[in-house]
There are 2 protein chains.
Amino acid sequence: MANKPTTAQFKAQAQVFKALAHPGRLLMVDELSRGERCVCELAELVGSEMPTVSRHLAQLKHAGIVDDEKRGAQVFYRLVTPCVMNFFQCVASVREKSQR
Amino acid sequence: MANKPTTAQFKAQAQVFKALAHPGRLLMVDELSRGERCVCELAELVGSEMPTVSRHLAQLKHAGIVDDEKRGAQVFYRLVTPCVMNFFQCVASVREKSQR
DNA sequence: TAGGAAATTAGCCAAGTGGCTAAATCTGTC
DNA sequence: GACAGATTTAGCCACTTGGCTAATTTCCTA
């Protein structure tokens, strides 16, 4: 299981990390961990224009972190891989250590 | 435990993810999970020039993911937060889901 | 079917990233 | 102390990212 990943795998992994490497996107992921939300709700949450938020969500979707579903005039996004939430605790511990 | 993090916390978390959002740096972190390495070893591993690798390592250090120690003319880096390795499994599952 | 809201796409621009080479710094050795 | 090797820093350049506004698409409701 702990075999060396290939270059292509590292590249793909990096894409996932890159998708999470933005405060606004983290905020959205955190919000989506509590249930699905439409784009307009997330736009209000992060305080950016809707086109901006839409592109952030497209990034998260492309990375496979969220999925979307159109219902009527709205598009609802939901977290498809909740395990990303586990990251946050580890990241918090990283930050604690780095502050010493 | 699942309280809403603050904006500053999301920003700091994003920094950690950003440090991991690069194939070469992931490769280095993976290698360091098997023990400390000097800069020249890592440079050969990733196939980039030493200055480039040195800057990548500085990023990882700044994010609190690795630490360094000078011994003689060489600088050895080691993984300070092994929990980041747990990310990789989750990321792999993210990728599997996104490939359907 | 006309109007309006929700969302995406396109185009623009400022700022950041990542690679390189050259120069500077540090360490051990002769 | 000069030299050689290891590392970092500085400076340069191409490319990407992330924000905005404007335009386009889609869907619901009169």
Side-chain angles (χ1 to χ4, degrees), chain A residues 7-8 10-32 35-63 65-80, chain B residues 7-8 10-32 35-79:
Chain A
T7 303
F10 279 123
K11 211 167 167 182
Q13 284 189 342
Q15 277 303 117
V16 176
F17 284 117
K18 193 178 292 185
L20 293 170
H22 186 282
R25 290 196 292 269
L26 285 182
L27 176 55
M28 290 193 252
V29 168
D30 180 72
E31 180 70 13
L32 291 176
E36 64 176 19
R37 300 285 187 273
C38 69
V39 180
C40 56
E41 285 173 314
L42 294 170
E44 188 180 10
L45 176 70
V46 306
S48 298
E49 297 301 318
M50 206 181 294
T52 301
V53 171
S54 176
R55 266 195 344 192
H56 282 313
L57 288 167
Q59 277 182 262
L60 289 171
K61 182 185 174 185
H62 182 256
I65 297 167
V66 304
D67 202 359
D68 62 345
E69 184 185 349
K70 189 161 199 170
R71 285 207 297 275
Q74 293 178 313
V75 177
F76 288 87
Y77 282 83
R78 67 171 190 283
L79 196 55
V80 72
Chain B
T7 302
F10 279 123
K11 211 169 170 182
Q13 284 189 341
Q15 277 303 117
V16 177
F17 284 116
K18 193 178 293 186
L20 293 170
H22 187 282
R25 290 196 292 269
L26 284 183
L27 176 55
M28 289 193 254
V29 168
D30 180 72
E31 179 70 12
L32 291 176
E36 64 177 19
R37 300 285 186 273
C38 68
V39 180
C40 55
E41 285 173 315
L42 294 170
E44 189 180 10
L45 176 71
V46 305
S48 299
E49 297 301 318
M50 206 180 294
T52 301
V53 170
S54 177
R55 264 198 342 195
H56 281 313
L57 288 166
Q59 276 181 263
L60 289 171
K61 182 185 174 186
H62 182 255
I65 297 167
V66 304
D67 202 359
D68 62 344
E69 183 185 350
K70 188 161 201 170
R71 287 208 296 274
Q74 293 178 314
V75 177
F76 289 88
Y77 283 83
R78 66 171 191 283
L79 197 56

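Reminder, nothing fancy here: chain letters follow the sequence lines and each chain counts from 1.
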Peer 1: Determine, for nucleotides 20-30 of chain D in 5'-to-3' order, which nucleotides have protein heavy atoms under 4.0 Å from the base (write B), from only the sugar-phosphate (write S), or from neither (write -).
Peer 2: BBB---SSS--

Peer 1: List in chain and number order the residues that pass ring pair (Phe, Tyr, Trp, His ring centres under 6.0 Å) with A:Y77, two or more places apart in sequence or in another chain; answer none if no residue qualifies.
Peer 2: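 Applying ring pair (Phe, Tyr, Trp, His ring centres under 6.0 Å) to A:Y77 gives none.
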
Peer 1: Got a list of side-chain donor-acceptor pairs under 3.5 Å for residues 35-45 of chain B, not counting sequence neighbours?
Peer 2:
| unit_1 | atom_1 | unit_2 | atom_2 | d |
| --- | --- | --- | --- | --- |
| B:E36 | OE2 | B:R71 | NH2 | 2.5 |
| B:R37 | NE | B:E31 | OE2 | 2.8 |
| B:R37 | NH1 | B:G35 | O | 3.3 |
| B:R37 | NH2 | B:E31 | OE2 | 3.1 |
| B:E41 | OE1 | B:C38 | N | 2.9 |

Peer 1: Please list, one pair per line, the donor and acceptor atoms closer than 3.5 Å that link side chains of residues 51-60 of chain A to other protein atoms, with sequence neighbours excluded.
Peer 2:
| unit_1 | atom_1 | unit_2 | atom_2 | d |
| --- | --- | --- | --- | --- |
| A:H56 | ND1 | A:R25 | NH1 | 2.9 |
| A:Q59 | OE1 | A:R25 | NH1 | 3.1 |

Peer 1: In whole angstrom, give the distance that lies between atom CD of B:Q74 and atom C1' of D:dA4.
Peer 2: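 Value for this atom pair: 14 Å.
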
Peer 1: Rounded to the nearest Å, what distance is computed from the CG atom of residue A:L26 to the P atom of nucleotide D:dG18?
Peer 2: 12 Å

Peer 1: For A:D67, what residues pass the side-chain hydrogen bond (donor to acceptor under 3.5 Å, both in side chains) criterion, not counting sequence neighbours?
Peer 2: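 Result, side-chain hydrogen bond (donor to acceptor under 3.5 Å, both in side chains) vs A:D67: none returned.
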
Peer 1: Output the distance between atom NE2 (B:H22) and atom NZ (A:K11), rounded to the nearest 0.5 Å.
Peer 2: 10.5 Å

Peer 1: For A:H62 and D:dG18, what is the distance between atoms NE2 and P respectively, to the nearest whole Å?
Peer 2: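 Roughly 14 Å, once rounded to whole Å.
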
Peer 1: Minimum heavy-atom separation for B:A63 and B:A19, please, with both atom names.
Peer 2: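 For B:A63 and B:A19, the tightest heavy-atom pair comes out as CB-CB, 3.6 Å.
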
Peer 1: Measuring from A:F10:CZ to B:L26:CG, what's the distance to the nearest 0.5 Å?
Peer 2: 6.5 Å

Peer 1: How many whole angstroms separate atom CG of B:L57 from atom P of C:dG18?
Peer 2: 13 Å

Peer 1: Does D:dT7 have its OP1 or OP2 closer than 4.0 Å to a side-chain nitrogen or oxygen of B:Y77?
Peer 2: no

Peer 1: Quick check for you: to the nearest 0.5 Å, what is the distance between B:K18 atom NZ and A:L20 atom CG?
Peer 2: 12.5 Å

Peer 1: Can you tell me the distance, in whole Å, between the NE2 atom of B:H56 and the C1' atom of D:dT9?
Peer 2: 16 Å

Peer 1: Without decimals, in angstroms, what is the distance between B:L27 CG and C:dG18 P?
Peer 2: 15 Å

Peer 1: Using whole Å, what does the distance between atom P of nucleotide D:dT17 and atom CG of A:L20 come to?
Peer 2: 15 Å

Peer 1: Quick one: A:M50 CE to C:dA10 P, roughly how many Å, whole number?
Peer 2: 18 Å

Peer 1: Mind listing the closest non-hydrogen atom pair of B:L32 and B:L79 along with its distance?
Peer 2: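 Scanning both residues completely, I find the closest heavy atoms to be O-CB, 4.0 Å.
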
Peer 1: Report, one pair per line, the protein and nucleotides 13-17 of chain C atoms (nitrogen or oxygen only) whose separation is under 3.5 Å.
Peer 2:
none

